[in-house]
Amino acid sequence: MLYIYDTMKRKYIAFQPLCDNKVKMYVCGITAYDFCHVGHARASVVFDIIYRYLLYKGYDVIFVKNFTDVDDKIINRANKEGKNWQDVSQQFIKEYYTDMEALYIKKPTFEPKASEHIKDMVDFIKKLIEKDYAYVSEGDVYFSVKKFRNYGKLSHKKIEELKVGARIEPSEKKRNPLDFALWKKSKEGEPEWESPWGKGRPGWHIECSTMCMHYLGETIDIHGGGEDLIFPHHENEIAQSEALTGKTFAGYWIHNAFVKINKEKMSKSLGNFFTIRDILKKYRGESLRMFLLLAHYRNPIDFSLEGIEMAEEALNKLYMLLWRVEENLKNPSNGLKDKELEEALIKFNKSFIDILDKDFNTPKAFGEIFVLIREINKYLDKCENENEKPDKKYLEAFITIRISIKDILGIMNESAEKWFKGKIDVNLIEQRIKQREEERKKGNFKKADKVREELLKMGIILEDTKEGTRWKTTKEQI
RNA sequence: GGCGGCGUAGCCAAGUGGUAAGGCAUGGGUCUGCAAAACCCUGAUCCUCGGUUCGAAUCCGGGCGCCGCCUCCA
């Protein structure tokens with residue numbers, strides 16, 4: 001049974017979709033005005049895991065993740081660079097896909113853009129005005145917060161206390177400082193669309209409600225995003241949506257914690273961010289993904305390069321075993337039986353799912369994976385020491401587990417060979433290894449060592465095993 | 001001011017009432033021609049003070065430190 005921590009109820013709730021095994025999930029995506037940073041990577045990876053896990057559990061998931069492509073920041077950047085806003089948003093949506101691919105993010109079912117749903121938003125706003133939840137003011141349209149009785153139920157804020165905060169910009173156009181714009185009258189040089197209230201463009205919050213309902217209906221199962229969206233974005237989404245339909249907007253609210261850097265939130269405005277692209281220059285996408293999954297999604301992560309390196313080392317350990325297993329499976333046989341390993345495999349299969357069922361506890365799941373890996377390595381050591389063949393049923397059991405890890409966690413996506421060797425000239429290296437082998441047979445260890453050193457300088461590490469010499473690259477090479 | 005979170009070995013990080021998973025790093029060992037890999041061993045009483053309890057890292061209360069949201073933000 002899957003338990004999810006719900007932001008609104010502030011506790012773990014057994015997950016039960018509205019309609020038998022169909023799950024409708026909406027996650028707020030990015031505003032396409034710049035390269036994504038590690039914080040965006042986290043949100044993407046977190047909801048990717050949730051999506052993958054729900055699929056693994058057999059749910060029929062419709063997953064919608066939007067692009068905000070009409071927005072002040074996009075317009076500003078476009079103006080600055082003398083482009084039009086579509087150029088900017090299109091470019092960064094493209095960059096986004098490059099990053100997501102590197103992180104092994106599974107494509108959502110739908111990825112709508114706000115600009116493609118303006119008409120739906122206008123209709124949405126019209127109805128809110130008809131229902132007297134919204135009002136027109138000098139070409140703008142605002143949502144009247146005090147008309148929505150449950151305002152604040154997600155973030156547990158009280159309207160009266162919000163006013164004390166005094167950071168809300170007062171506007172003469174608003175009746176109440178908390179009211180938020182559904183529609184903004186356009187200014188010079190801004191994108192604009194026709195509406196009953198004059199030319200303008202939608203406010204930010206309305207796009208998500210509109211697209212969410214368009215693709216998923218009035219009530220969905222899961223709505224998610226980064227912690228910083230709880231207030232006001234998601235609070236406003238609830239207000240608009242429930243004002244319109246009178247129905248519950250979402251059953252479960254899931255929010256991921258931030259990536260921090262030197263204990264501070266990583267963010268564009270603070271300027272303390274690493275883009276995904278920065279990381280990808282030196283590390284592999286899978287290492288960044290691993291780094292993010294080694295902490296629980298509701299706990300903040302302190303970002304550091306050392307952290308990525310640690311994650312990459314951990315990943316190497318997984319791939320080393322995969323390599324070993326793949327090599328052994330080239331000559332499958334009915335070999336040595338081992339009761340302890342058998343038990344470890346059974347135990348793993350049960351606990352892996354139990355752990356993920358408790359609010360997607362990926363770090364704990366990895367703990368369990370490493371325990372299993374040790375057991376298999378121990379078994380393979382034993383086979384080697386006793387000159388026995390490993391039994392293929394254990395090896396195949398691991399391959400099956402590996403597929404689950406790959407499908408659910410998006411880790412161990414490559415073959416071990418590819419992971420360790422990358423794009424290197426294989427022939428040249430294997431020639432040198434042969435030469436070294438001959439020297440070793442003659443007992444010319446000095447010459448043999450010279451080859452090893454030489455290759456090491458090229459970024460190649462040699463490893464002698466019972467089956468012969470194998471090689472991999474140093475991390476600098478990849 | 002309101003709401004919320006965090007503080008666990010050198011570093012990262014699970015655990016949320018029954019006596020501390022896992023990863024990385026260090027040191028020692030087994031294996032190896034030497035290595036690498038792998039395996040074994042090595043290490044914390046959980047910020048602090050007090051309370052509840054047979055029993056708390058885990059619950060309650062008081063401190064200290066750090067962070068987030070209340071403004072655009074994943």
Side-chain angles (χ1 to χ4, degrees), chain A residues 7 10 27-31 33 36-47 68 71-73 152 155-158 160-169 178 204 224-233 235 255-260 263-270 273 290-291 294-296 298-302 304 306-318 320-321 323-324 351 355 358 361-371 373-382 384-385 440 443-446 448-449 452 456 461-466 469-472:
Chain A
T7 308
R10 285 183 174 167
V27 171
C28 295
I30 58 151
T31 300
Y33 77 104
C36 289
H37 62 231
V38 177
H40 299 109
R42 184 175 202 188
S44 298
V45 168
V46 164
F47 288 99
T68 298
D71 170 90
D72 288 347
K73 288 175 182 163
S155 55
H156 303 92
K157 293 185 189 302
K158 297 188 179 99
E160 314 83 62
E161 285 162 0
L162 281 169
K163 288 176 187 166
V164 180
R167 278 164 85 185
I168 301 146
E169 262 183 65
L178 281 175
W204 176 39
E227 221 172 38
D228 47 358
L229 298 182
I230 296 172
F231 191 91
H233 186 56
E235 198 69 70
H255 294 94
N256 66 277
F258 298 124
V259 174
K260 298 191 301 173
K263 296 184 176 174
E264 263 186 330
K265 176 183 170 183
M266 180 183 286
S267 76
K268 274 273 151 62
S269 44
L270 288 168
F273 57 89
M290 183 75 173
F291 169 74
L294 284 175
H296 185 85
R298 282 190 295 104
N299 285 145
I301 298 182
D302 241 311
S304 69
E306 298 77 62
I308 305 273
E309 265 160 38
M310 278 192 224
E312 196 157 87
E313 284 306 323
L315 217 36
N316 281 337
K317 193 169 203 161
L318 297 182
M320 280 304 290
L321 176 68
W323 204 358
R324 236 181 147 179
S351 55
I355 287 166
K358 184 92 191 283
N361 196 336
T362 55
K364 196 173 183 184
F366 277 110
E368 216 59 28
I369 289 170
F370 284 111
V371 170
I373 280 182
R374 192 198 314 150
E375 290 307 315
I376 299 174
N377 269 319
K378 233 193 277 188
Y379 167 74
L380 291 172
D381 282 356
K382 191 170 139 197
E384 283 178 17
N385 292 336
R440 286 179 72 206
N444 295 335
F445 294 120
K446 276 191 179 168
D449 283 347
R452 181 199 292 267
L456 185 63
I461 297 168
L462 299 187
E463 299 180 351
D464 297 332
T465 71
K466 284 208 166 163
T469 304
R470 66 184 179 198
W471 62 275
K472 63 184 185 184

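The sequence lines fix the lettering, A, B, ..., with proteins before strands; numbering per chain opens at 1.
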Distances under 3.5 Å between nitrogen or oxygen atoms of protein and nucleotides 5-9 of chain B:
none

Using the side-chain heavy atoms of A/Leu229, tell me which of these nucleotides is nearest: B/G4, B/G33, B/A74. B/A74
When you get a sec, tell me which of B/G68, B/A74, B/A38 is the closest nucleotide to the side chain of A/Asn377? B/A38
Side-chain contact check for A/Arg440: nearest option of B/C3, B/A37, B/C34 is B/C34
Quick test: give all pairs of protein nitrogen or oxygen and nucleotides 20-23 of chain B nitrogen or oxygen below 3.5 Å, distance rounded to 0.1 Å.
from	atom 1	to	atom 2	distance (Å)
B/G22	OP1	A/Arg374	NH2	3.3

Is any N or O donor-acceptor pair between the side chain of A/Lys157 and the base of B/C69 shorter than 3.5 Å? yes
What is the distance from atom OG1 of A/Thr68 to atom CD1 of A/Ile30, rounded to the nearest 0.5 Å? 8.5 Å
Candidate nucleotides B/C34, B/A74, B/A37, ranked by approach to the side chain of A/Met266 - the nearest: B/A74
Out of B/C69, B/G33, B/A38, whichever nucleotide has its closest atom nearest the side chain of A/Asp228: B/C69
When you compare B/C49 with B/C64, how far apart are their C1' atoms, in angstrom units rounded to a whole number? 10 Å
Would you mind telling me which residue lines up with the more 5' stretch of RNA chain B, A/Lys446 or A/Gly307, judged by nearest nucleotide? A/Gly307
Would you mind telling me which of B/C66, B/A37, B/G33 lies closest to the side-chain atoms of A/Lys472? B/A37
Salt-bridged, A/Glu235 to A/Lys157, with N to O below 4.0 Å? no
Just to verify, what does A/Asp72 make a salt bridge (charged side-chain N to carboxylate O under 4.0 Å, His left out) with, not counting sequence neighbours? A/Lys184, A/Arg201
Under 4.0 Å between a Lys/Arg side-chain N and an Asp/Glu carboxylate O for A/Arg374 and A/Asp381? no
A/Phe273 ring centre to A/Lys265 NZ or CZ under 6.0 Å, with the angle to the axis within 45°? no
Side chain of A/Phe231 (C-beta onward), nearest among B/C70, B/G68, B/A14: B/C70
Reading RNA chain B from 5' onward, which residue's closest nucleotide shows up sooner: A/Glu463 or A/Ser155? A/Ser155
Closest listed nucleotide, where the reference is the side chain of A/Arg452 and the choices are B/A35, B/C3, B/C72: B/A35
State plainly whether the residues A/Arg470 and A/Asp464 are in salt-bridge range, i.e. N to O under 4.0 Å. no
